[in-house]
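Here's the structure, in structure tokens; my notes come after.
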Protein chains: 2
Amino acid sequence: MGGLRRTPRTAADDGAERTERQVPAALAHRVPDLGALELLLAVARLGSLGGAARELGITQPAASSRIRSMERQLGLALVDRSPRGSRLTDAGALVTDWARRVVEAAEAFDAGTQALRDRRDSRLRVAASMTIAEYLLPGWLIALRGHRPDTAVSLLAGNSATVAERLLAGEADLGFVEGVSVPAGLDSVVIAHDRLIVVAAPAHPWARRRRPLDAAELAATPLILREKGSGTRQVLDAALGGLARPLIELSSTTAVKAAAVSGAGPAVLSELAVGDELTLRRLVTVPVEGVALRRALRAVWPAGHRPAGPARELLSLTRSGGG
Amino acid sequence: MGGLRRTPRTAADDGAERTERQVPAALAHRVPDLGALELLLAVARLGSLGGAARELGITQPAASSRIRSMERQLGLALVDRSPRGSRLTDAGALVTDWARRVVEAAEAFDAGTQALRDRRDSRLRVAASMTIAEYLLPGWLIALRGHRPDTAVSLLAGNSATVAERLLAGEADLGFVEGVSVPAGLDSVVIAHDRLIVVAAPAHPWARRRRPLDAAELAATPLILREKGSGTRQVLDAALGGLARPLIELSSTTAVKAAAVSGAGPAVLSELAVGDELTLRRLVTVPVEGVALRRALRAVWPAGHRPAGPARELLSLTRSGGG
DNA sequence: ATCAGGGCATAAGCTGGATTTATGGGCGGG
DNA sequence: CCCGCCCATAAATCCAGCTTATGCCCTGAT
């Protein structure tokens with residue numbers, strides 16, 4: 001039914017010599033598409049298939065059929081239909097909760113890509129460091145959309161220097177940086193804090209360590225690190241007195257995570273970046289003491305030009321946020 | 001193009017009297033489907049369209065066309081093609097990071113629904129309280145799948161009493177509960193901790209509160225709560241001495257969140273449940289002091305029957321996890 | 001120099017899933 | 001007792017994505 005429609009030719013031909021993948025079929029074949037998940041959320045909220053259909057701008061039979069095929073695909077009864085409405089089954093309630101998380105991630109994706117696209121004619125131009133753009137900004141944009149639905153936002157992501165440059169050139173209205181120091185010519189306010197943590201693959205000796213690492217041990221061990229100049233690296237170098245020894249230097253958080261997961265060595269990363277890896281136990285935190293790995297996340301703007309209008313709105317959404 | 005194909009008839013007919021929705025078009029029309037996102041991740045990892053196509057079991061032209069149409073849909077150049085491979089553009093790297101979060105949520109969805117479906121013939125039968133089933137278990141299942149790909153797991157979600165019942169009836173091998181006490185006849189181990197937090201809509205007076213609430217104030221104020229008998233409610237009642245005053249009682253975490261977001265009043269919820277609402281600032285935490293709102297999450301099993309085989313495996317994955 | 005190989009693009013044909021319109025059957029309130 | 005809301009089924013349509021079949025580009029080896 002919902003599975004592979006036909007054995008793809010490539011798989012049939014060289015299946016013998018190909019190494020078997022962990023995931024036998026693509027995820028997309030086992031997970032309903034976003035439209036179906038959205039529909040399910042609407043049904044849960046409104047208590048009726050027809051109502052959900054109206055909200056999404058499709059007809060009632062379309063909604064009915066789509067829910068039904070989702071139930072077939074999952075092999076689960078999700079909604080109890082009755083002549084006076086539809087309610088979620090127990091399984092349906094749980095599935096809907098998981099679906100909600102997928103949809104929320106998709107909303108963040110949407111908000112992010114939209115900002116990346118709207119480079120021109122936008123009312124609010126934001127420049128942000130990579131970590132903030134990656135992990136925090138989409139959520140802020142969704143919140144902003146909730147308060148001011150018609151504010152088009154554009155996003156430029158880069159390092160602290162780029163952010164400062166754009167702000168000073170008048171090409172951005174508000175910036176976000178995570179470094180240790182505020183670039184010259186900018187005013188700032190701390191909006192949140194973030195901690196760097198030491199992580200290692202579960203098989204690494206440090207993963208079983210009880211006694212916290214101290215600065216000397218950390219400085220003496222070669223680590224998987226972001227490149228010099230990144231916000232993360234700056235903080236670490238400052239905390240250790242410029243001594244961090246790189247095992248490898250990589251240019252993205254993702255690459256650092258991947259290297260650490262593969263067991264190449266311990267890494268230092270923002271706690272924002274490793275949530276999933278920790279809960280999946282692909283990485284383990286290594287306790288550390290006596291090292292100042294907390295860092296401030298700051299909103300910045302050209303000195304003297306207090307944010308106004310949409311920029312002020314966004315700023316107020318971010319302050320005292322998470323972290 | 002990717003947008004609305006045609007104005008749906010319902011929208012054309014009664015658009016005038018319908019209240020305008022926040023979201024003008026369905027999310028699914030603005031976000032590439034999961035297959036495309038998976039493909040993008042594969043391209044990022046492998047550095048070639050053809051390689052990604054092979055990994056997903058499709059042909060190279062299909063991958064090429066799909067990436068291209070995703071770029072058109074998003075209005076962004078995501079990959080730099082060259083005669084010797086493809087690399088992500090700067091925008092592409094950011095988009096890929098956001099895409100990864102969508103795919104991870106989809107993986108959790110898949111792991112969860114699969115466990116819900118595999119009720120029969122599974123090698124490991126898990127019973128879990130709602131909160132754990134909702135927020136933690138899918139991640140554990142993904143991790144377990146990584147270590148033991150062929151372990152079929154079935155999930156039964158319920159309250160603490162149900163979990164105990166199933167374990168004692170031999171219908172489940174391992175359970176997870178979040179209550180204050182361990183049900184009779186079960187052995188247990190604490191695998192993590194969770195805190196209950198008091199939240200309110202940003203417009204609520206408590207949202208601006210600096211001085212922490214104390215137990216007396218909390219007990220004196222009507223709160224949005226889960227029903228009596230839920231793990232959350234048990235902990236709160238115990239912490240306040242059985243005094244929690246309900247403003248409304250609702251039967252799911254989701255319903256409690258929705259009520260709190262809508263401004264009906266303050267609510268008490270697990271911190272696991274409100275991550276997104278806090279970062280989106282739809283809810284704000286209210287500081288509390290002198291109330292023991294920390295609770296243990298426990299793995300449980302029939303007294304004397306130490307988990308073995310797959311159950312032991314899963315248990316070891318969950319211990320010293322997050323929290 | 002030349003050729004093989006990996007990588008990407010374009011074109012044409014096919015298929016399946018999702019949608020729409022049209023219609024029918026249950027249940028409950030005025 | 002009938003009207004309204006809700007859901008299901010049936011038939012026709014349409015589009016998005018897939019496959020096969022080629023062609024071009026670049027690189028590195030012979």
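Within every chain, numbering begins at 1; the chains are lettered A, B, ... in the order of the sequence lines, protein sequences first and strands thereafter.
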- [ ] Using only side-chain N and O atoms of B:Arg68, determine if any of them is under 4.0 Å from OP1 or OP2 of D:dG17.
- [x] no
Task: Side-chain heavy atoms of A:Arg145 within contact of A:Gln114, under 4.5 Å - done: yes
Task: Options D:dC7, C:dT21, C:dC8, nucleotide nearest the side-chain atoms of A:Ser48 - done: D:dC7
Task: Nucleotide of C:dT20, C:dA18, D:dC7 approaching A:Pro61 most closely (side-chain heavy atoms) - done: C:dT20
Task: B:Ala62, nearest nucleotide to its side chain (from D:dT19, C:dG7, D:dA8) - done: D:dT19
Task: Length of the CZ-C1' vector between A:Arg87 and D:dC7, whole Å - done: 17 Å
TODO: I would like to know whether A:Leu40 and A:Leu88 meet side chain to side chain contact (heavy atoms under 4.5 Å, CB included); could you show each step before the answer?
DONE: CA-CA 9 Å; A:Leu40 179 62; A:Leu88 294 177; 4.1 Å; yes
Open item on the list: Please confirm whether the shortest side-chain N or O distance from B:Thr59 to OP1 or OP2 of D:dC18 is below 4.0 Å.
Closed with: no
TODO: Return the 5'-most residue of the pair A:Asp33, A:Pro83 with respect to DNA chain C, ranking by each residue's nearest nucleotide.
DONE: A:Asp33
Task: Length of the line joining B:Arg84:CZ and D:dC26:C1', which is rounded to integer Å - done: 8 Å
- [ ] Run the salt-bridge test on A:Glu71 and A:Arg81 with the 4.0 Å N-O cut-off and return the result as yes or no.
- [x] yes
Task: Nucleotide D:dG17, atom C1' - distance to CG of B:Leu39 in whole Å - done: 12 Å
- [ ] Output yes when at least one side-chain N/O atom of B:Arg81 is less than 4.0 Å from OP1 or OP2 of C:dA9, else no.
- [x] yes
Open item on the list: At 4.0 Å (heavy atoms only), tell me whether B:Ser65 reaches a base, stays on the sugar-phosphate, or touches nothing.
Closed with: nothing
Open item on the list: Run the side chain to side chain contact (heavy atoms under 4.5 Å, CB included) test on A:Leu155 and B:Leu94 for me, step by step, so that the C-alpha distance in whole Å, both residues' side-chain angles and the decisive distance to 0.1 Å come before the verdict.
Closed with: CA-CA 11 Å; A:Leu155 164 63; B:Leu94 211 41; 4.3 Å; yes
- [ ] Measure from CG on A:Leu37 to P on C:dA18 and round the result to the nearest Å.
- [x] 12 Å
Open item on the list: With a 6.0 Å cut-off (strictly less than), is the heavy-atom count around CG of B:Asp90, excluding the residue itself, greater than 12?
Closed with: no
TODO: Using whole Å, report how far CD of B:Gln60 lies from P of D:dT20.
DONE: 13 Å
Open item on the list: Please compare B:Ala63 and A:Leu49 by the position of their nearest nucleotide in DNA chain D and report the one closer to 5'.
Closed with: A:Leu49
Open item on the list: Less than 4.0 angstrom between a side-chain N/O of A:Ser86 and OP1 or OP2 of D:dC6, yes or no?
Closed with: no
TODO: Using atom CD of A:Gln73 as one end and atom C1' of C:dG17 as the other, report the distance to the nearest whole Å.
DONE: 12 Å
TODO: Quickly work out the B:Arg72 CZ to C:dA9 C1' distance and round it to whole Å.
DONE: 14 Å
Open item on the list: Could you tell me how far apart B:Ile58 (CD1) and D:dA16 (C1') are, to the nearest whole angstrom?
Closed with: 13 Å
